[in-house]
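One structure is given below, encoded as structure tokens.
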Amino acid sequence: MQITYLLPTFLVLHLTALVLMAGTTLVDYLAYSSFWKFADQGSRPDALLNTMARLPRVAGIGAAVLIISGIGMMAVTHGVFGEQLWFRIKFALVLLVILNSLLIGRRQGLKLRKLLEAGELVFTTEVARIKSNIKTFHRLQLLLFSLIIFLSVFKFN
Ligand code: HEM
């Protein structure tokens, strides 16, 4: 492929992956809101839970393509963006997205699944804490995406 087409190709992949990852995060947030409403009424929405179980994988694919296409753009441009302020801040925010996902989102999701596998979901202080942590995870993730998009489009230097 000609070099002139390489950067736009990576950019198309980058933006597609962004839609996939940020979109999945929003859907996950909405799905959790519905889940907690069902749980409040003492019912267990198995169909919803099955769909929710697939979302982290979709977001993971989005994250992988986002990072690979980002590295691809850096390679094509010989790392020129790496010297710019917007990119350095963006990179720190990308690391926060990854940390938030691994340390909060994934862990809290697994904790909740374990509790659900053990039986009915009873509203203990532990469950209340998981609920609050998952809400914080989603809100922080969406805020970080917005900041990253803002920086990437305006490219302040
Ligand atoms: C959550 C993660 C990320 C999001 C939401 C994101 C989002 C975006 C957006 C919206 C653009 C603007 C495209 C445009 O207006 O032309 C962009 C550009 C760019 N991104 Fe990312 N990005 C992410 C991760 C990364 C990573 C990990 C890298 C590098 C390792 C990277 C490298 C780049 C580069 C070099 C550009 C500039 C391309 C150009 O203008 O030619 N991005 N990104």
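Residues: numbered from 1 along the sequence shown. Every number for a ligand or one of its atoms is a count from 1 in the order of the listing. What you see below is based on every heavy atom in this structure, not just the backbone, and it leaves out hydrogens, waters and symmetry mates.
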>> Below 2.8 Å, which protein N, O or S atoms neighbour atom 21 (Fe) of ligand 1, ignoring water?
In response: H14 NE2, K90 NZ
> Which heavy atom of the protein is the closest neighbour of atom 13 (C) of ligand 1, given with residue, atom name and distance?
Replying inline: L11 CD1, 3.6 Å
> Under a heavy-atom criterion of less than 4.0 Å, does F10 contact ligand 1?
Replying inline: no
> Which residue and non-hydrogen atom of the protein lie closest to atom 39 (C) of ligand 1, and at what distance in Å?
Replying inline: F81 CZ, 3.7 Å
> What atoms of ligand 1 come closer than 4.0 angstrom to any heavy atom of I71?
Replying inline: 29 (C), 30 (C)
> Is it the side chain (CB and beyond), the backbone, both or neither of T77 that lies under 4.0 Å from ligand 1, heavy atoms counted?
Replying inline: neither
> Does any non-hydrogen side-chain atom of V27 lie less than 4.5 Å from one of Y32?
Replying inline: no
> Atom NZ in K155, atom CH2 in W86: separation rounded to 0.5 Å?
Replying inline: 5.0 Å
>> Using a 3.5 Å distance criterion without hydrogens, assess whether the side chain of S43 forms a donor-acceptor pair with backbone atoms of A39.
In response: no
> Backbone, side chain, both or neither: what part of L93 comes under 4.0 angstrom of ligand 1, heavy atoms only?
Replying inline: neither
> Does the side chain of R113 come within less than 4.5 Å of L49's, by heavy atoms?
Replying inline: yes
> Tell me, which protein residue and heavy-atom name are nearest atom 40 (O) of ligand 1, and how many Å apart are they?
Replying inline: K155 NZ, 2.9 Å
> Are any of the side-chain heavy atoms of V127 and W36 separated by less than 4.5 Å?
Replying inline: yes
> With L140, which residues qualify under side-chain contact (heavy atoms from CB on, under 4.5 Å), at least two apart?
Replying inline: N100, L144
> So, do F87 and F156 have ring centers that fall under 6.0 Å from each other?
Replying inline: no
> Which pairs, with at least one residue in residues 73-82 and sequence neighbours excluded, count as a side-chain hydrogen bond (donor to acceptor under 3.5 Å, both in side chains)?
Replying inline: none
> When you measure from the side chain of H14 to the backbone N and O of L66, does any donor-acceptor pair fall under 3.5 Å?
Replying inline: yes
> Taking the side chain as C-beta and beyond, is there a heavy-atom pair between L26 and L142 under 4.5 Å?
Replying inline: yes
> Any idea which protein heavy atom is nearest atom 15 (O) of ligand 1, and the distance to it?
Replying inline: V153 CG2, 4.0 Å
>> Applying side-chain contact (heavy atoms from CB on, under 4.5 Å), can you list everything that pairs with I71, at least two apart in sequence or on another chain?
In response: I67
> What part of M21 sits under 4.0 Å from ligand 1 if we count only heavy atoms: the side chain, the backbone, both or neither?
Replying inline: neither
> If you count the atoms of ligand 1 from 1 in the order shown, which ones are under 4.0 Å from a heavy atom of L7?
Replying inline: 41 (O)
> Which of these, W86, F91, F87, has its nearest heavy atom closest to atom 32 (C) of ligand 1?
Replying inline: F87
